[in-house]
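Notes for the one structure printed next.
So you know, we letter chains A, B, ... as the sequences are listed, proteins then strands, and number each from 1. Note that this is a predicted model, so its numbers are computed, not measured.
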Amino acid sequence: MSINRKVLIGVNNLTKTYQKGRVEIFRELNFDIYEGEVLGVVGESGCGKTTLIRSLLCLEDSVSGKVKYKGINLLEVHENDKRDVIRKELRYIYQHPESSLNPGVTIGKSLINTLKIYKSNNGRNDLEMYLELVGLPKSYKSKYPKELSGGEKRRAVLARALITKPKAIFADEPFSGLDKILQARLISRLITIQKEQNLTLVLISHDKQIIQTLSDRVMELKDAKLLVR
Amino acid sequence: MNNSFQIGTSQIMLISRLLARFFLSMVFFCFLLTFIPDISYVDTSKMTRFLDHLEVLILFEFDYSIIYGDSVWEVIYTNGKYTLYLIISAIFIIIAMVIPLSYYSVMYNNRTLSKWIDNSLFAISSIPILILSILFMVLATEIFNFVPIFNQYSGEGATFTQKALILSLPVLSIILGDGIFYSVYDSAKDKITKIKTESWFKGILARGGNPRRHIIRGIVETLIISISGKITYLLSGIIIVEMVFSWQGLGMLIVDVFKQSGQKDYPLLIAIVAVLLIIIQAVNAAKIFILQKLNPEKSNGLVTGS
Amino acid sequence: MKQPIKKYFKPQNIQLLIGISVLISLLTANTLWFSQHNPMISRGPSDMPPQIEIFQSLLYTPDISTYIVEDDTWDSWGNSGGRRISISSDSLLISNFPITAIQTGSDYEYHPRFKANDISELELTESPEGMTLTDGSIQWMPGELQIGTFPVSLRIETDSTTYEVDYTLRVTKEFYPLGTNERGNSLSGLLIAGSKWTLIPGMIAASIAISFGLLMGVFSNYYGSHVASMFDGFSDLIESIPALIIIFIIAVASQFNMYLIMAGVGLILIPKVYAVIKSTVNQFVENQFVESALEIGFEKKVVYWREIVWYNCKSDMISLTTYCITFSILIEITISYLNLGVQDPDISWGLILLEGRDSILSGEYWMVVFPAILISISILGLTLLGSGAKQFLDPKFK
Amino acid sequence: MLLHVENLDVEYEKSAGFKKILDNISLQIGRYSRVGIIGESGSGKTQFVHSILGLLNGSPGVTSGKIVFRGKELLNTDSGDEKTWRESYVQNSTSVRGNDISIIFQDAKASLIPYQTINEQIIETWKFLDLKGGEKEAIEKASTTLRALNLNDIDRVLKSYPDQMSGGECQRVYIMLALLGDPLLLIADEPTSSLDDANARTLLNHLNDLCTNRGISLLLISHEIEDIIRFTDYVYVMYNGSIMEAFDISDSDVMVSTSKSNHPYTKTLLQVANGKFGVMQNEQSISSCVEQNKDTLKNEFKGCPYYYYCGLRKELSGDSQNKCLDEKPALHEVSKNNKVACWHVD
């Protein structure tokens, strides 16, 4: 993987404090995310790797430093135009599928609702294309999240994220809680999609083994320091 | 009244919290009183009238009641006994009936009898307390040709069954009417089915143990919470039952005060409502202490939310 | 192995069926009352038992007097009527009671059954014109003009003594299926008239409770914690005092104006709706659903109002509305029964119950039993409607 | 032979009909032996273990099969009509729990009674098994077992509630409770999956030593293949309710190379365990895997459970593929210590 790729997001001296500055999660981190690469973020559970990515995407408060994306510092973007600047292109996938799927409505309906936001007119066949892409049969669009198994829910969440055609996807523990073999199936599906769409993929996980085999570069967060390999 | 319990704070804090709630609702009651049209307050502004009522409450000016002449406390004492009897026996019978019924219906739920019990309880629960008490009256007069009104009790010649009827029918109609019993029974049943799916329940079974003691404890826990949630509802029921069976309790007093035309007896009204609210807070306090005893692990220093 | 229940016999379909039928009957009763107004409560004889025979035999024991006739005495005018000594009716030898209130044109038939079996001869000593006694059963077809009360007496001769049984028969022109009260109003008319105080005030209370409860439930999360604590304080305050006392105050303050009282009922039900909505919305906030919906690009109000409320709280709304209606019916009959609600010239179920109360002593139960049954059925029906609709709307993800 | 299970079937009633959870499972455990079961979640391993102790709560539960423990029949579905064998099954399995066979669960903290101190729970379990000796002996015996599992400051643990203890401590306490009645067989249903890797390994080591010197045979269930291979001698591979392969690894203590096992599913499992995720290419395309779940739900699918994913099937000719589709292969001996359920492996 040649390193001289175009930098998608440049981060310098990113600091996140907690309880009004008394507790520091991490301080002055500098790293770059290249376009089209698979970046792994590893660390013990509770070491703040999720908060690192969430502060990157301005989902956390009391964060200082500079996050340069297309020349704008994301941290200074005002609250109500975050929707157009950040959310259009940078997608964050939550760890638990329940927080991304509306339990009261079928998978198809929630995907169509997301499609409508991104103004893609041919809703019907787009929906089926995306379901097929993540490996769910078309008949699943009339099912409710409750009727799906763990792996299938995660595929639906992946489909929902891909619909927004993001430039980069930040996935928080997308495979935790699944069996090794199920994780393996999900991973190979994710990799094939990432290759096809030349997507930047940032994976957060506490399982070093998976991240090692998957990502081009690995960032390990250990007691507020960042070592990149 | 949220049914969570504040753990970790010491007992004094809990008592003060309940007292604050009691005082706040009394102030709210005095504020509501100012809306009652009354000839003696026709010219005074609402504010002064509100302060008047508050003064009665805070300075305990309960020595003179307009209807009954003698001091309010005498009236409360003589009539309060009967209402207290109704409340205590209602709560006691609910507990005594829910534990076996819910245990039986969940443990042997495939039997038709338990289904029959559920459906009939659900049907009865849709009958309001007023209707149920009137129907009980009709049944009593038809079968025992004796009208179970309160003043018959002290009358001579009242046989044992008549006395028993007079005492039991009001309590039964409070419990079964308006779905009070059914909702407590239902929450107890849900709790048992939930316990049966807990992994510590399966743990007990796996160790060859007999989980009956734990199921009963679970029922008692839900009972306390759902009864304390329903206590204000129970008091409304008591007012109705006292009117139908003409019991000389606080409920009848309240209705008489409200039915008075002209000068309303405010000190008596405030005193009665104060007593009722104290009963409500007492039940809440009992709930908190019993729950702390049932869940010891939650009370020693661990701060957990509701 | 038993097959799972057929699709259409599921419990919620049955509940829906009962609920809708009760709702429709209440609505028809309302429209009937508003369209015809007074003529339904026609003036009839007072304290008439229900003319439907089963009800009359069940709910009313007619007063029958029985006599023993000394056959060998002559009265002063020389005819052989003989002196009559009245005996208490419970030593009556007749085991089934006659129907004593009928309508003109209906064919009346009464076949007395006797406890003693040594009956030698039956004879109708006194009867309205046209009544016949044929082989042990009295038959009669009252003509159009025969209205009013007619005494009937039956002589029964056994081997040892002769008895005589008297009762009065009342014939009316109109048909009173459920009987009449002291002032002669037909109970069925009264009940239909009374139904106007069920759905309309119920809708008032429900609309207030649901709208305020919903707004408070959503805004308590929408605008952050200080708003939430204000709403919590408000709902705790209302719930701390027993509902009936607050209703009494509102009733007295509004001089028994039912619409204001029902608005008060709506106010009292707000905390209940608020608690349900708040807990559902809190669930979505806690498991980061709101944050991820915002992150994917929905606006805040779309997330709250469509994703959470419209998709997930619809079923709770319906079951809460039916609860509010049943609660307001409950309150209406209670305060009218205590004479603090609907006042005399007006009609409501509570008032009928109040009138019926003193008729219990005199054994006329129909004035109490019919409204009681009707109220219970309508409350049961509405509750079933609520729970059936709730299960029907969200069977999938519950 | 300590425990002998013969073609056990378990079915659950679902809205779409009856789903076969276990399809004729047979298994033997000898005295002092170590047996492991590998399988994905949802392959029915937990249901199998619970059915031995009669802890299944779905209906109808066990439909046919035989379970014999030390010669005594716990379950025998062809010994009379359903009512009698079900009653004797419930009776026997309850009598066996705690003193002959005991089980430890996945989430130990949730399997302990939340509102009782560990002390009270020991005494209560002691009374359940009505063992001789008073409370002092119970605490004494419990502390020796806890020391064997090298739990530090036992007195604090005895007085505390489950919420106040870490996952590892809870699991050790629960193992102690399970061994209080000196059972002959200990079933460990994924004991370490809620712990992180470090103390999972130490816990299993202690458990293994405890079982060896107390002569308790161990049935270890897990989806972590390394634990199974390190701690057991005989391994059953379960997939979708039936046994795919059973092989003996007592002689080879080194990490089993893929050649040792023959069934395609076991091969994929072992490769995934070694971190080679590229292996997925030799499986069928993933979308077909979802169709397969739907069919088994309605019980019409009589073919091999691994049919949809099977990589081996891709190179086969048409008619041999139909053989996989319409008939389920039975376990047959392939070599001295290896049985495989696949038509095309011999």
Side-chain angles (χ1 to χ4, degrees), chain B residues 1-2 21-22 24-29 32-38 122-132 134-135 137-142 145 147 149 177-179 229 231-240 243-244 251 254-255 257-260 264 269 272-273 276-277 280-281, chain C residues 59 61 232-255 271 275 326-327 329-331 333-340 349-350 353-354 356-357 359-363 365 368-369 371-384 387:
Chain B
M1 206 63 65
N2 52 17
R21 187 163 291 169
F22 163 74
L24 248 174
S25 29
M26 280 314 292
V27 169
F28 177 60
F29 180 69
L32 285 178
L33 279 181
T34 59
F35 289 97
I36 300 181
D38 193 319
F122 179 74
I124 295 173
S125 76
S126 71
I127 302 175
I129 291 181
L130 178 66
I131 304 289
L132 202 59
I134 292 178
L135 285 180
M137 281 267 266
V138 166
L139 281 177
T141 36
E142 179 59 23
N145 51 48
V147 182
I149 302 177
D178 274 355
I231 190 69
T232 45
Y233 215 68
L234 209 66
L235 292 182
S236 308
I238 279 172
I239 296 171
I240 301 171
M243 282 311 293
V244 172
I254 289 180
V255 177
V257 167
F258 275 109
K259 274 188 168 163
Q260 253 177 357
K264 295 273 188 307
L269 200 55
I272 295 173
V273 170
L276 291 184
L277 289 190
I280 293 175
Q281 297 309 341
Chain C
L59 293 174
T61 50
D232 284 347
F234 169 71
S235 71
D236 272 357
L237 209 55
I238 291 190
E239 271 181 334
S240 59
I241 297 182
L244 216 50
I245 295 176
I246 300 179
I247 298 283
F248 287 158
I249 294 176
I250 298 174
V252 171
S254 67
Q255 267 101 31
T326 42
F327 189 80
I329 294 176
L330 227 57
I331 294 290
I333 52 171
T334 318
I335 50 173
S336 315
Y337 181 80
L338 303 176
N339 225 329
L340 289 167
W349 287 349
L353 278 177
L354 183 60
R357 182 161 183 247
S359 76
I360 294 178
L361 314 175
S362 60
Y365 301 130
V368 171
V369 165
I373 293 171
L374 193 68
I375 293 169
S376 316
I377 290 174
S378 48
I379 288 183
L380 179 68
L382 287 171
T383 335
L384 289 181
S387 75

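Contact tally against chain C (heavy-atom pairs below 4.5 Å) for B/Met243, B/Glu142, B/Met26: the top residue is B/Glu142. Chain C forms the most heavy-atom pairs under 4.5 Å with one residue out of B/Leu234, B/Ile240, B/Leu235, and that residue is B/Ile240. Your options are B/Ile129, B/Leu132, B/Asp178, and the one with the most heavy-atom pairs under 4.5 Å with chain C is B/Asp178. For the set B/Ile127, B/Val138, B/Ile36, the entry with the most heavy-atom pairs within less than 4.5 Å of chain C is B/Val138. Across B/Gly251, B/Gly237, B/Ser236, the residue that shares the most heavy-atom pairs under 4.5 angstrom with chain C is B/Ser236.
For C/Ile375, the part lying under 4.5 angstrom from a heavy atom of chain B is the side chain only. With a threshold of 4.5 angstrom between heavy atoms, C/Leu382 does not approach chain B through any atom at all. Looking at C/Ile249, both its backbone and its side chain come within 4.5 Å of chain B, counting heavy atoms on both sides. At a 4.5 Å heavy-atom cutoff, the contact between C/Ile241 and chain B is made by backbone and side-chain atoms alike. With a 4.5 angstrom heavy-atom cutoff, C/Val252 touches chain B via backbone and side-chain atoms both. Proximity to chain B involves both the backbone and the side chain of C/Phe248, based on heavy atoms less than 4.5 angstrom apart.
Taking all atoms of both residues into account, the shortest heavy-atom contact from C/Ser376 to B/Ile131 is OG-CG2, 3.7 Å. In this structure, C/Ile379 and B/Pro128 approach most closely via the heavy-atom pair CD1-CG, 3.6 Å. For C/Arg357 against C/Val368, the heavy-atom pair with the smallest separation is N-CG2, 4.1 Å.
Under a 3.5 Å cut-off, the side chain of B/Lys259 and the backbone N or O of B/Ile254 do not form any donor-acceptor pair.
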